[in-house]
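First comes the structure, then the notes that go with it.
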Amino acid sequence: MKKIEISTPLTIYDSVEELPVDVQLLVQKSVEARKTAYAPYSNFNVGAALMLENGKIIIGSNQENAAYPSGICAERVAIWKAASDFPNVKVVKLVITASSNNKIVDSPVSPCGACRQTLFEYESKQDELIEIYFMGETGKIFKTDSLKDLLPIAFIKTLL
Ligand code: THU
């Protein structure tokens with residue numbers, strides 16, 4: 001028996017101004033996207049903006065439903081839009097931002113487990129890493145270099 005440790009490298013930015021210029025643009029698009037959130041149940045608005053290798057920006061926001069599990073997260077709206085409209089174009093980077101109607105979200109909002117699993121598969125399929133930046137409304141921005149860092153020991157399709 002042996003015990004191993006798995007670590008997650010995380011880059012932390014103190015403000016949006018510290019980010020590379022193209023990522024700042026994605027932040028802006030993600031903030032715009034979250035204004036289109038349909039979140040009457042949680043009052044929590046999430047925006048996702050991803051950049052494709054051809055420079056195109058695809059956005060998504062969370063869409064809730066009175067039958068709660070039928071709702072969907074912003075990240076999956078964005079990645080599925082990209083996958084269906086631009087099936088063979090690689091995703092290079094993704095920015096996630098969130099706000100609440102009830103309070104200021106001042107810490108980074110990281111993608112949920114289901115979104116990590118979904119994004120992980122597209123990253124594996126395209127064989128190129130996806131940078132993920134995530135933040136709240138204000139405050140620090142966290143960045144990981146790959147879905148592998150957010151979802152270690154993932155369920156992978158080769159197991160099927
Ligand atoms: N949500 C996202 O859009 N992305 C996440 O990664 C976490 C949660 C949404 C789902 C739901 O509409 C609301 O935030 C509250 O959970």
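Predicted, not measured: the structure shown is a model, and the values here were computed from it.
Val95 places none of its side-chain heavy atoms less than 4.5 Å from the side chain of Leu50. Side-chain contact check for Pro111 versus Leu150: some heavy-atom pair is nearer than 4.5 Å. The shortest side-chain heavy-atom distance between Leu119 and Leu94 falls under the 4.5 Å cut-off. Using a 4.5 Å cut-off on side-chain heavy atoms (C-beta onward), Cys73 and Cys112 make contact. Asn101 places a side-chain heavy atom less than 4.5 Å from the side chain of Asn45.
The hydrophobic clustering, which links ILVMFWY residues whose side-chain heavy atoms are closer than 4.5 Å, places Phe142 and Met135 apart. In this structure, Ile153 is not a member of the same hydrophobic cluster as Ile132, with clusters built from ILVMFWY side-chain heavy atoms closer than 4.5 Å. Grouping the Ile, Leu, Val, Met, Phe, Trp and Tyr side chains by contacts below 4.5 angstrom, directly or via other members, places Leu147 apart from Met51. Criterion: ILVMFWY side-chain heavy atoms under 4.5 Å apart, direct or through other members. Under it, Val27 and Leu25 are part of a common hydrophobic cluster. When hydrophobic clusters are built by joining Ile, Leu, Val, Met, Phe, Trp and Tyr residues whose side-chain heavy atoms come closer than 4.5 Å, directly or via intermediates, Val16 is grouped together with Val31.
Residues Ser30 and Ala49 approach most closely at N-CB, 3.8 Å, considering heavy atoms. The two residues Gly60 and Ala33 make their nearest non-hydrogen contact at O-CB, 3.6 Å.
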Can you give me every donor-acceptor pair (side chain of residues 79-89, partner residue at least two apart or in another chain, under 3.5 Å) with its distance?
unit_1: Lys81; atom_1: NZ; unit_2: Ile59; atom_2: O; d: 2.7
unit_1: Ser84; atom_1: OG; unit_2: Trp80; atom_2: O; d: 2.9
unit_1: Ser84; atom_1: OG; unit_2: Lys81; atom_2: O; d: 3.4

Practice task
Evaluate the criterion side chain to side chain contact (heavy atoms under 4.5 Å, CB included) for residue pair Thr97 and Val46; output intermediate values, then yes/no.
Solution key: CA-CA 6 Å; Thr97 68; Val46 185; over 6 Å; no
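Counting only residues at least two apart or on different chains, the side-chain hydrogen bond (donor to acceptor under 3.5 Å, both in side chains) pairs with a member in residues 54-70 are Thr36-Ser61, Ser42-Glu64, Ser61-Gln63. Among residue pairs with one or both ends in residues 11-26, those qualifying as side-chain hydrogen bond (donor to acceptor under 3.5 Å, both in side chains) are Asp14-Lys140, Ser15-Glu17, Asp22-Lys93; sequence neighbours excluded. The side-chain hydrogen bond (donor to acceptor under 3.5 Å, both in side chains) analysis of residues 146-155, with sequence neighbours excluded, yields the pairs Glu123-Ser146.
Partners of Asn102 according to the side-chain contact (heavy atoms from CB on, under 4.5 Å) rule, which considers only residues two or more places apart in sequence or in another chain, are Asn43, Ser100. Residues satisfying the side-chain contact (heavy atoms from CB on, under 4.5 Å) test with Ser110, not counting sequence neighbours, are Arg116, Phe134.
Considering CG of Leu19 and CG of Leu26, their distance stands at 9.5 Å, rounded to 0.5 Å. If you take OG1 on Thr118 and CD on Glu75, they are separated by 9.5 Å, rounding to the nearest 0.5 Å. Within the model, atoms CD of Glu32 and NZ of Lys35 stand 6.0 Å from one another, a figure rounded to the nearest 0.5 Å. Taking CG of Asp106 as the reference point, atom OG of Ser99 lies at 12.5 Å (rounded to 0.5 Å). Interatomic distance, Arg34 CZ to Phe44 CZ, rounded to the nearest 0.5 Å: 9.5 Å.
Of the possible donor and acceptor atoms, one in the side chain of Gln117 sits under 3.5 Å from a partner among the backbone N and O of Phe155. Although no hydrogens or angles enter the test, the distance criterion places a donor-acceptor pair under 3.5 Å between the side chain of Glu53 and the main chain of Lys90.
Ion pairing between Lys143 and Asp145 holds under the 4.0 Å rule for side-chain N and carboxylate O.
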